[in-house]
Amino acid sequence: MQKKKLGFDTLLVHEGYEPDSQTNSCAVPIYSTTAYAFENTEHARSLFMLEQDGNIYSRMMNPTCDVLERRVAALEGGVGALATSSGHAAMVMTFFNLMSAGDELVSAKSIYGGAVNMMSKTLAQLGIKVNFVDSDDPESFRAATNEHTKAYFIETIANPMADVPDIAAIAAIAHENGIPLIADNTIATPYLLRPAEYGADIIIHSSTKFLCGNGSAMGGIVVDCGSFKWLGNPRFPEFNKPDPSYKGLNYAQALGERAFITKLRTHILRDIGACQSAFNAWVTLQGLETLSLRMKKHSENGLAVAKFLQAQPAVEQVYYPGLESSRYHALAQKQLPLGSSSVYCFDLKGGRDTATVFCDSLKLLKIVANLGDSRSMVSCPAVTTHSQLSDEQLAAVNIRPGTIRISLGLENIEDILEDIGQALKEVEKM
């Protein structure tokens with residue numbers, strides 16, 4: 001009998017865990033352990049050779065992390081997932097699983113500034129070249145593709161400008177060239193958008209943000225959608241030749257749709273070690289149970305504040321895809337029918353000085369580098385999250401000295417608007 005497909009909210013609460021036979025605990029336990037006892041030497045050998053599933057060492061797998069991985073994979077429609085120590089760790093290890101010195105990545109240029117810096121500096125030091133292109137033009141990905149290209153990278157709602165790329169169009173170009181599309185779905189979350197349904201092959205989250213939702217636990221997640229054809233793909237010899245670490249295992253041949261996520265765990269995580277702690281996974285699971293409820297409120301507050309800002313004389317422009325005036329509105333209606341989340345930017349007239357007065361005048365909203373929290377917060381990207389970018393790079397992604405990034409939380413909308421309103425009055429006095 002085919003197992004009934006559970007609804008999204010049910011998966012949030014139940015997927016990946018059944019009460020264990022010894023304690024019958026309804027809640028997921030925190031397995032705070034480094035190691036696991038093997039039944040005998042043969043059992044240990046078979047685990048190390050990947051001949052059977054099981055726990056070896058918590059640098060590679062942990063029962064609490066396993067529940068989180070199974071749950072997020074189910075929410076995104078993937079075949080498997082891997083929990084990491086941070087969103088950046090999820091990105092770096094994904095790149096390492098696909099690329100080595102001499103390879104190239106094509107990335108949207110409108111993405112998180114820390115990611116731009118990591119790609120343009122650290123990956124470059126390792127001999128990996130990144131070509132940044134305009135995600136508003138899918139054909140720019142094709143133009144930047146050559147025989148060394150190993151992946152395309154986008155953010156489904158870009159941080160901080162809330163650009164919305166046409167995922168299906170970019171995925172089609174990627175697949176024509178035998179290249180996987182990596183989609184960072186941190187700001188949208190699988191409640192608002194499931195990139196796999198538009199052709200994404202690998203999905204990344206900074207679970208520090210909306211998945212956890214309360215700003216108390218660092219983490220990242222990589223989801224393998226199981227859709228990419230690794231077998232026989234000449235771009236990926238590492239997936240199609242024997243791995244001496246595992247007695248000649250051929251990932252693509254032996255593991256099929258789970259080739260990427262298995263290699264990520266048993267090769268890259270094994271050697272890099274950027275694993276998520278059991279405690280952080282447990283904290284994230286607590287937040288995850290209310291994801292759909294929170295994302296509805298986040299999106300409602302995001303739209304209400306965007307409309308409010310749009311009517312203010314001190315505000316020059318609001319970049320929110322949920323507004324009818326946004327150039328991404330039609331695409332957002334298609335890809336984000338349940339809402340456009342709550343992270344975006346707006347420009348104040350007058351530049352850096354007015355941005356400083358505005359931020360320093362806020363009382364309820366805090367100046368914070370994080371986003372996706374239950375608390376509302378702001379930052380000035382040019383001097384914080386994107387401070388490592390040059391003036392030319394900032395201009396290329398439309399970030400100005402007076403640009404404010406806002407992340408709307410779960411507070412009463414009246415209180416949020418009152419605080420923003422009084423801060424804008426201080427700006428108008430200048």
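Everything numeric in this text was worked out from a predicted model, so none of it was measured. Just so you know, these numbers use all the heavy atoms, side chains as well, and skip hydrogens, waters and symmetry mates.
- For the pair Asn55 and Pro63, the tightest heavy-atom approach, listed with the atom from each and the gap, is ND2-CG, 3.7 Å.
- Within 6.0 Å of the CD atom in Gln317, the count of heavy atoms belonging to other residues, nucleotides or ligands exceeds 12.
- When every heavy atom of Val164 is checked against every heavy atom of Pro321, the shortest pair comes out as CG2-CB, 3.8 Å.
- Salt-bridge check for Glu42 with Arg45: passed, with a basic side-chain N closer than 4.0 Å to an acidic carboxylate O.
- In terms of the salt bridge (Lys or Arg N to Asp or Glu O under 4.0 Å) criterion, Arg352 has no residue partners (sequence neighbours excluded).
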Could you please spell out the steps behind the side chain to side chain donor-acceptor pair (under 3.5 Å) verdict for Tyr198 and Asp166?
-> CA-CA 9 Å; Tyr198 295 89; Asp166 188 333; over 6 Å; no

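- The environment of CD in Gln52 is crowded: more than 12 heavy-atom neighbours from other residues, nucleotides or ligands sit within 6.0 Å.
- A donor-acceptor distance shorter than 3.5 angstrom exists from the side chain of Ser140 to the backbone of Asp134, with no hydrogens or angles considered.
- Of the inter-residue distances, the one linking Leu82 atom CG with Thr266 atom OG1 reads 10.0 Å to the nearest 0.5 angstrom.
- Looking at Asp9, its side chain never comes within 3.5 Å of a backbone N or O of Ser292 through a donor-acceptor pair.
- Counting heavy atoms from C-beta on, the side chains of Ser407 and Asp373 never come closer than 4.5 Å.
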Take Cys275 and Leu269 through the side-chain contact (heavy atoms from CB on, under 4.5 Å) test and state the conclusion after the steps.
-> CA-CA 7 Å; Cys275 58; Leu269 181 63; 4.1 Å; yes

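- When ring centroids are compared, Tyr251 and Phe236 stay outside the 6.0 Å threshold.
- Tested against Asp103, the residues Arg235, Lys150, His148 include a single side chain to side chain donor-acceptor pair (under 3.5 Å) partner, Lys150.
- From Lys296, atom NZ reaches atom OH of Tyr191 across 4.0 Å, with rounding to the nearest 0.5 Å.
- In summary, the side chains of His205 and Glu76 do present a donor paired with an acceptor at a separation below 3.5 Å, with no hydrogens or angles considered.
- Other residues, nucleotides and ligands contribute at most 12 non-hydrogen atoms within 6.0 Å of the NZ atom of Lys229.
- Screening Ile367, Leu348, Leu365 for a side-chain contact (heavy atoms from CB on, under 4.5 Å) with Cys359, the sole residue that qualifies is Ile367.
- Ion pairing between a basic and an acidic side chain is recognised when a charged N comes within 4.0 Å of a carboxylate O; Glu238 and Lys263 show no such pairing.
- Residues satisfying the side chain to side chain donor-acceptor pair (under 3.5 Å) test with Arg70, not counting sequence neighbours, are Asp66.
- Note: Cys345 SG to Leu309 CG = 11.5 Å, rounded to the nearest 0.5 Å.
- Formation of a donor-acceptor pair under 3.5 Å by the Thr64 side chain with backbone atoms of Tyr31 is found in this model.
- When side chains are defined from C-beta on, Ile173 counts as touching Glu139, because their heavy atoms get closer than 4.5 Å.
- Looking only at atom types and distance, the side chain of Arg294 has a donor-acceptor partner in the side chain of Thr290 under 3.5 Å away.
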Apply side-chain contact (heavy atoms from CB on, under 4.5 Å) to Asp201 and His175, showing your working.
-> CA-CA 10 Å; Asp201 303 293; His175 298 156; 2.7 Å; yes

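- Heavy-atom minimum distance, Ile179 versus Phe228: C-CE1, 3.3 Å.
- Contact between Leu303 and Gly322 at its shortest, heavy atoms only, is CD1-O, 3.8 Å.
- Going from atom CD1 of Ile261 over to atom CD1 of Ile268 covers 11.5 Å, rounded to the nearest 0.5 Å.
- Ser342 and Asn301 are not linked by any side-chain donor-acceptor pair at a separation below 3.5 angstrom, with hydrogens and angles left out of the test.
- Residues Leu123 and Met99 have side chains not in contact (no heavy-atom distance under 4.5 Å, counting atoms from C-beta outward).
- Shown here is Lys121, whose NZ atom has more than 12 heavy atoms of other residues, nucleotides or ligands within 6.0 Å.
- When all heavy atoms are compared, the tightest approach of Gly232 to Asn240 is N-OD1, 2.7 Å.
- Heavy-atom contacts from other residues, nucleotides or ligands closer than 6.0 Å to CZ of Phe8 number more than 12.
- Side-chain atoms of Asn280 come within 3.5 Å of backbone atoms of Met218 as a donor-acceptor pair (strictly under, hydrogens ignored).
- Between the side chain of Arg71 and the main chain of Glu289, no donor-acceptor pair closer than 3.5 Å is present.
- Between the side chains of Tyr36 and Ser58, at least one donor-acceptor pair of N or O atoms lies under 3.5 Å.
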Decide yes or no on side-chain contact (heavy atoms from CB on, under 4.5 Å) for Phe260 and Phe239, but give the supporting numbers first.
-> CA-CA 8 Å; Phe260 174 85; Phe239 284 82; 4.0 Å; yes

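- Of the N and O atoms on the side chains of Asp347 and Tyr319, at least one donor lies less than 3.5 Å from an acceptor on the other residue.
- Of the possible polar contacts, one joining the His329 side chain to the Leu323 backbone as a donor-acceptor pair under 3.5 Å is found.
- A donor-acceptor pair is defined here as one N or O able to donate and one able to accept, closer than 3.5 Å; such a pair exists between the side chain of Arg265 and the backbone of Met60.
- In summary, of the residues considered (Val343, Thr186, Leu336, Asp163), a side-chain contact (heavy atoms from CB on, under 4.5 Å) with Ile157 occurs for Leu336 alone.
- Side chain of Ser379 to main chain of Ala369: no donor-acceptor pair is present (N/O by atom type, distance under 3.5 Å, no hydrogens or angles).
- Not one N or O on the side chain of Thr208 forms a donor-acceptor pair closer than 3.5 Å with the backbone of Gly220.
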Does the pair Asn214 and Ser374 meet the rule for a side chain to side chain donor-acceptor pair (under 3.5 Å), with working shown?
-> CA-CA 5 Å; Asn214 51 39; Ser374 56; over 6 Å; no

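- Remark: Lys349 NZ is packed, more than 12 non-hydrogen atoms of other residues, nucleotides or ligands lying under 6.0 Å away.
- Atom OG of residue Ser376 and atom CG of residue Leu371 lie 12.0 Å apart, to the nearest 0.5 angstrom.
- Pairing each heavy atom of Cys225 with each of Val79, the nearest pair is O-CG1, 4.0 Å.
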Can Met295 and Ser341 be said to form a side-chain contact (heavy atoms from CB on, under 4.5 Å), step by step?
-> CA-CA 7 Å; Met295 292 312 296; Ser341 196; 3.6 Å; yes

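- Atom-to-atom distance recorded for Arg375:CZ and Leu408:CG is 14.5 Å, nearest 0.5 angstrom.
- Inter-residue side-chain proximity for Leu285 and Val67 is flagged as met; some heavy-atom pair is nearer than 4.5 Å.
- Counting heavy atoms from C-beta outward, Phe358 and Cys380 have side chains that stay 4.5 Å or more apart.
- For the side chain to side chain donor-acceptor pair (under 3.5 Å) test, residues two or more places apart in sequence or in another chain that qualify with Tyr152 are Thr145.
- Inter-residue side-chain proximity for Arg405 and Val378 is flagged as unmet; no heavy-atom pair is nearer than 4.5 Å.
- More than 12 heavy atoms of other shown residues, nucleotides or ligands fall within 6.0 angstrom of atom CG in Asn40.
- In this structure a side-chain-to-backbone donor-acceptor pair under 3.5 Å is missing from Gln310 to Val318.
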